[in-house]
Each structure stands twice: as structure tokens, then as C-alpha cells.
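Bear in mind that the values here come from a model prediction, so they are computed numbers and not experimental data. A note on names: the letters A, B, ... follow the listed sequences, proteins ahead of strands, and every chain is numbered from 1.
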There are 4 protein chains.
Amino acid sequence: MQEDRPVPEPLGVRQARAQRTREAVVAAAAAVFVDQGVQAPIRDIAERAGVGVGTIYRHFPTRADLVTAVYRHQIDTCSALAPRLLAESASPYTALTRWADAFVEFLVTKHGLGAALGSGDPGLENLHGLMLDTLVPACATLLDACTAAGETHPDVTAYTLMRAIGNLCITGPDYDRTDARRMVAALLAGVRRTA
Amino acid sequence: MQEDRPVPEPLGVRQARAQRTREAVVAAAAAVFVDQGVQAPIRDIAERAGVGVGTIYRHFPTRADLVTAVYRHQIDTCSALAPRLLAESASPYTALTRWADAFVEFLVTKHGLGAALGSGDPGLENLHGLMLDTLVPACATLLDACTAAGETHPDVTAYTLMRAIGNLCITGPDYDRTDARRMVAALLAGVRRTA
Amino acid sequence: MQEDRPVPEPLGVRQARAQRTREAVVAAAAAVFVDQGVQAPIRDIAERAGVGVGTIYRHFPTRADLVTAVYRHQIDTCSALAPRLLAESASPYTALTRWADAFVEFLVTKHGLGAALGSGDPGLENLHGLMLDTLVPACATLLDACTAAGETHPDVTAYTLMRAIGNLCITGPDYDRTDARRMVAALLAGVRRTA
Amino acid sequence: MQEDRPVPEPLGVRQARAQRTREAVVAAAAAVFVDQGVQAPIRDIAERAGVGVGTIYRHFPTRADLVTAVYRHQIDTCSALAPRLLAESASPYTALTRWADAFVEFLVTKHGLGAALGSGDPGLENLHGLMLDTLVPACATLLDACTAAGETHPDVTAYTLMRAIGNLCITGPDYDRTDARRMVAALLAGVRRTA
DNA sequence: TATGAATGAGCCTTCATTCAT
DNA sequence: CATGAATGAAGGCTCATTCAT
């Protein structure tokens, strides 16, 4: 007595359309976040995406869901970079600096994310958690290798280092990405163990 | 039922009262900023100060004016510390690290100020300007001395360094003042020229 | 060193104005409640009162506060009626029926209050509490006297009776105040102990 | 990539499936009404029934249609009870009280229906009409018999009585079904003509 | 000067309803 | 027939800001 689904195939069509809508929302949100920061009104995002506010809420019940979606892909990419660099680089510390370069590049091109991470804003805990779950382990891989090789001080944790790098990437009119890069480089130089 | 005006007060008395009101507002704002951050509702500050909201607007037309007033004294103190440390310390770099310690101490005890500085929030430009006008020269005094002594890289500007330190002092649940101190120390170690 | 209040008298003027505003809001709310019920949009009430929504929220932080204010006076009046009727009437039961008449009259002229009382709507607990605190004791005075005189069944509580009367006063197109009065009369006849 | 239509189903099969869907919706609605009242969101009902919201709108264009469908069967049962009780009972009044007991039982176990009936909510007129068309005649059968036997006051109409009973069955935290039963019994006692 | 009542723009969120597939 | 994504009107609530007294 099997249930024969009345509409088996057309579902894919609708799902595809919904997926496109979802992506349009994410793209619009990313753009608006650059302009206005992650606290931008939902309505602005909806308008930019050309959808109704209800559509945003359907796909992303909370603001944090949307923020997370916007940055997830890039966070994953950044995370996946760590083991690759570790394998390719001459030393763990070199890998760490290269990875930090990539992380900085990611942060400074995502205006507002750094501030979002540091804001402690409730409702952005998902994003915070995402960072913790993906980037911190990636960073830890590199840092542990450095520590094992005696290249860095052992009392610096991956989380603290990432948070510090994130903070250093909060740019503004008189402190641009070049400054951020230079300061991050200095920070890494500072944690290097002078053997 | 005529209005019987009381004897008009001497001008000095009125001004003194206004000054006291102003100080009460600043004190209340400082307390509220610690609890709620610099974006706290004006009304909360007014209530804490025991004045009407209009009074706050009279004394501080913009929020930035209030934020600035709250931190001005401490900023001045911090600024005045620089030449003293330079005179007392064995080397310019030592003076710089000590001064940074004091600056970090100031920032991490002022919940939300670090974030305010880094937020790029329009309306907080006054505070930004205050930093520029007082702390940057103070920091520059030390940094220039370091550079002159060949202790630091010459391509690090006082403004950039201050901004970086400010960012590193944006604390949170998992990144406290101890972490901030350690990261600032690492940053300064990183800008030191290894002669 | 006494604080001499700078503005002692004008306060009364403003307070009087605020009081008038408050009363205008209550009057508008009463009218709107008749038209739309107690769940009417706050904006509608504000428009009817000729004030901004903020003014409503200033005076009545919750909807229940407003509902309560609308009916408080009449509830108090109704409550105060009970001892008077008890003193004037030939028997406690007569007093009870007269008081019920007054209560019914109050309810049926306040379209929506009966439904509000019976709705169990959270947020209207204040009103419920007001009823409990003022009308139930008034009713109990009469009912206890009846019971003491052996005129009514002792297992009917004042609260239950009031609630029942309230329910019977939920009128509609085909069940008007005349019907409500008749049904309440029948109910009271039913609780009368046939000696 | 041509659409390969499956063999078209016989009409009867499709209709049967539609009927099952309809019944699933009614069952889900009944359950949701108990939990949330008759104003529950349509989506909640659709989810509980495992269908899309569009399906509900197809079968029941208005909310009242759905409410009506949910209670129709029980209303019919209750209605059919009247002549049976009249035949079985010792007196018309006894039949009336027994029928009222059944009606009360129906109402108090259907959370929210009593309030729905008394709310005067436009859009629930269908339900109102259903009551009028089926229950009122049933009640009238009994009431007319009572009046003819001189057991009740002739000026109480069946509609008014039913409405009153319905109102008395609006229960809440402090007025439960036991109270409702007692009050209905009192009401009926009150309309009894003391010969 | 100080007050604080009043204003209303603005944001959030829910949900009834439509319609293309 | 069934689906459920999309829409957008509607209502709640907050708070910066003004201004008459």
C-alpha cells in the first residue's frame, strides 16, 4: 500500500528556484553588510535582493543565520587552506604567516565582519561558533606545529591569536588593509620565539 | 495671582550649578557606558544622572560629545604620561611598552570604548579626533624616540600603532584583558627592530 | 545646604497637561474598544486620541494597563454599590439581584469587556486581577449575606458567579443586552435556595 | 526530454484521495484548535496535517469553513440527541437538562469553541449559522415541549438559551468545566416555571 | 537653564493569501 | 489536485529629538 507521490518531479524546479532566491538574498546581504554593517535593516537587504521581507525570514529566521550564511563559504575556504600551506611551506611559522595573510585578506574585504566578531552582539553567536568550529582548529593546526618546532611561544592559544588578528582587521578611513596587514605581521613576529 | 520672581541668582551661582549638572551627567554616562556600551539610550543616562533628557542635549548636542567628555580626562592623563616615562625609562622602547601598558589598562577598563574607537561609527568622530589630537602626539613622542634610537622599524606610524593597540583591546567573554595585554606585548615585540 | 529647586511651580502646569493627555487617551481607547474590542491596534487608539503612539506607551506600557485604566473607574463605582444596596434592600437576595443589574448594565455598555474577561488572553491579567480585587469582594459581600440568610446555595462562589455573569453579558447581533439581563436574572433565580 | 505522463488515474481514485486529504486536514485542525484555539495560524494546521497551506485553502476557502467542518459532526450528533432524550425522559424539562448536559460536555471539551461562538468574529458566521440551523431547532423541540407542559417560562427563546449556555461554557484557569456545568444547571433551574 | 511630555520615524516580526509549477 | 515559496500589509515597540513651560 505504498503512497504514490502525486508530484514527484516538479519539486526540483521549485527547489531550484528557491535556491536561487536564497543565493540572491545572501548576495544582497553581503553587499549591504559591506555598506552598512551586519546590523543593517532586514528591509534594506530584502529590497536589494528584490524580494519581500518574508522571504528573508523564511530562509534565515534570525539575523545570525543570514550573517553566517554570508560568510560560511569563505570561512570554509580559509579553513581548508591551513593544511595545504603547512604541507607546502618550508616551516610551520612560514605557513602560519601565509595563512594569516589569507585570513587578513578575507577579513578586510568583508567590511564589518571583524567588528561583528568583536562586538559580542548577542544573536551573532552562531557566527562566533562557526569561527570557533572551523577557523580556530585550522589555526591551531598551524600554531601547534609552530610550537612543536619551537618557533612560537607556547602560551599563545589559537583562539586568542585569531581574535587578535580579527581585531587588527577592523579597518577605517585612516587605518586601511595595508595597515592591518602590517600590524598582523608585527603581531606574528612578536609571538615568534627568538631561538 | 502674579508670578513672584525670587531674587535672581548671581550669575556665578547659576554657572556653578550648570557645571555641577554637567559633571553629574558625565559621571552617569561613564557608569552607563560601562554597563551598556556607548550606544546606551540617552534616557538611561539622564535617569542615572537624575536630570531630564533635554539637559543632556543642552550640554552635549551629539552622543559623541558626551563620549568624548567621558573619556577626555583619562585621555589627557594618559597623554601626559608619555614624556614622563620617556624621561624615567632606560630606553625609549621601554618607555613605549610602559606607556602601552597604561593605555591598555585604560581601554580594557572602559567597556565598549575600544569597540567605539574601532567601529568607524559616524558621530564618534569627535572622539576619534580627540585621540588623534592628544594621544597620537604622545605616542609619537615615544615612537620617534625609539626610531631615532634604532629600536623600532621606521615604517610604523604612531596613529597606526595606537589604532592597532585600540583594536587589540576590544575584549569579550573569551578574550579578556589578560589576552589583550599579551597580544599588545607581542605586537610591540614585533615592531621592535632586532638590531 | 538645601537644594533649591529651580523650577518649582511650572511642574504643575505640565503635569496637568500630561494628565489631560492621559485622559484623552483613555477616552479614545474606550471608544475604540467599543468599536474594535480590546485588541484594537495601538495606532488606532493613538490616532483617535490625536497623539503619537509613543505617548500611549509612555502612559500605559502594556495594553493591559490601558484596558485597566479604561474600566477602573466604572469597576470601582460598581464595587462601591454593593454595600449600599445591601443596606437599602429588603433582603440580601434582592440586593444581589439589583447589584447584578448594575453589573450587567456596566458590562453590556462596554462592548468587548466581557469577551476580554473571558478570553484568558495573557496580558490582560491585570484587568483580571482588578476584577478579582475589587468586584469579587463586593459580590462576595452580597453573596455571603445571602448564604447566611439561607437565600442561596452555599456552593456557589462569588468568583464563579461573577465570571458566569460576565460570560452571559457577551452580546452580539442576535443576543442583545435584553437577553443578557434576562439570562442573568434566570441564573440568579437558579442559585436561589427554594426554602 | 518529453513528459511521460503516468497512466491517468480513474476519477474515483483521485476523489477518494482528495477526500482523505480533507479528512486529514479536519483532524489536524481539530487537534490544533484544542491546543491553540480557533485562531491558530493556518500554517500550523497544514504542518500538522502534512499538507501544504494551499491544500487547506482549496478545501476550506475561509477559516470559518474549516471551523465548521471540524465541529459539524459533533453538532449533528448533539442535535440528533434531542428527540431521543425527549422520548426517553420522564418530563420535557428533564430532557432539556440532559440535553444541556450533553451540549456543555461538547463545548467544554472543545477548547476555544465557546469563545469562538461568543466572539462575534466576522468570518465565523458560518459556524454561527450552523448552530442556528441545527442546534437551535433541536433545542427548540425540547424548549417548546417544556413550555407546552408549563415547565418553563414562555419568553425564553431557544436561540437565547443556547447562546447563554454557550457563553457559560467559556472556561479559563479559574472557571473550569465543573463551574460551567454548575452555572448551566442554575440557569436551567432559573428558567423553570415554578408551578 | 532645566525639564520631560510628546512625537513619529524606523525596525522587527508574523501570517493570511496568492499562484506558478 | 497539491504544493509551498513568495509577498507585503499590519501591528508591536523603541528611542532620538524637539520644544513649550
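Residue-level contact check: C:R17 touches the backbone only, with heavy atoms under 4.0 Å from sugar-phosphate atoms and none from bases. Here D:V51 lies in heavy-atom contact (under 4.0 Å) with sugar-phosphate atoms only.
Looking at C:T55, its side chain never comes within 3.5 Å of a backbone N or O of C:V51 through a donor-acceptor pair.
Pairing each heavy atom of A:P41 with each of A:R63, the nearest pair is CA-NH2, 4.4 Å. Taking each heavy atom of D:D44 and D:V32 in turn, the nearest pair found is O-CG2, 4.2 Å. Contact detail for D:V70 and D:A29: the closest heavy-atom pair is CG2-CB, 3.7 Å.
At E:dC11, none of the side-chain N or O atoms of A:R63 fall inside 4.0 Å of OP1 or OP2 (strictly under the cut-off). When the side-chain nitrogen and oxygen atoms of B:T21 are compared with OP1 and OP2 of E:dA2, one or more of them lie within a distance under 4.0 Å.
With hydrogens and angles ignored, a donor-acceptor pair closer than 3.5 Å exists between the side chain of C:R58 and the base of E:dA5. Taking 3.5 Å as the limit, the base of F:dG12 and the side chain of C:R43 contain a donor-acceptor pair of atoms between them.
With values rounded to the nearest 0.5 angstrom, D:R17 atom CZ is found 6.5 Å from D:R20 atom CZ.
Residue C:R22 contributes atom CZ, which lies 16 Å from atom C1' of E:dG4 at whole-angstrom precision. Atom CZ of A:R14 is separated from atom P of F:dA6 by 10 Å (rounded to the nearest Å). Atom CD of D:Q36 and atom P of E:dA16 are 10 Å apart (whole Å). As a whole-Å value, the separation of A:H59 NE2 from F:dG4 P is 14 Å. D:E23 places its CD atom 17 Å from the C1' atom of F:dA2, with the value rounded to the nearest Å. Distance CD1 (B:I42) to P (F:dT18): 12 Å, rounded to an integer number of Å. In this structure, D:Y57 places its OH atom 6 Å from P of E:dA16, rounding to the nearest Å. Rounded to whole Å, atom P of E:dT1 lies 16 Å from atom CD1 of B:I56.
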Give the C-alpha distance, both sets of side-chain angles, the deciding distance and a yes or no for side chain to side chain donor-acceptor pair (under 3.5 Å) between D:Q19 and D:E23.
-> CA-CA 6 Å; D:Q19 182 58 25; D:E23 280 160 10; 2.9 Å; yes
Mind running side chain to side chain contact (heavy atoms under 4.5 Å, CB included) on B:R58 and B:T21 for me, showing each step along the way?
-> CA-CA 11 Å; B:R58 165 176 299 275; B:T21 299; over 6 Å; no
Could you give me the CA-CA distance, side-chain angles and deciding distance for C:T68 and C:F60, then say whether side chain to side chain contact (heavy atoms under 4.5 Å, CB included) is met?
-> CA-CA 10 Å; C:T68 299; C:F60 308 99; over 6 Å; no
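Comparing B:G54 and A:G50 by the nucleotide of DNA chain F whose heavy atom lies nearest to each, the residue mapping closer to the 5' end is A:G50. If you find the closest nucleotide of DNA chain F to C:P61 and to A:A18, the one lying nearer the 5' end belongs to A:A18. Residue-to-nucleotide proximity on DNA chain E shows that, of B:Q19 and D:V53, the 5′-proximal contact is made by B:Q19.
Comparing F:dA6, E:dA2, F:dC13 against the side chain of A:T55 picks out F:dA6 as the nearest.
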Could you provide the dot-bracket string of DNA chain F, using ( ) for intrastrand pairs, [ ] for crossing pairs and | for bases paired to another strand, with Watson-Crick or G-U pairs below 3.5 Å?
-> .||||||||||||||||||||
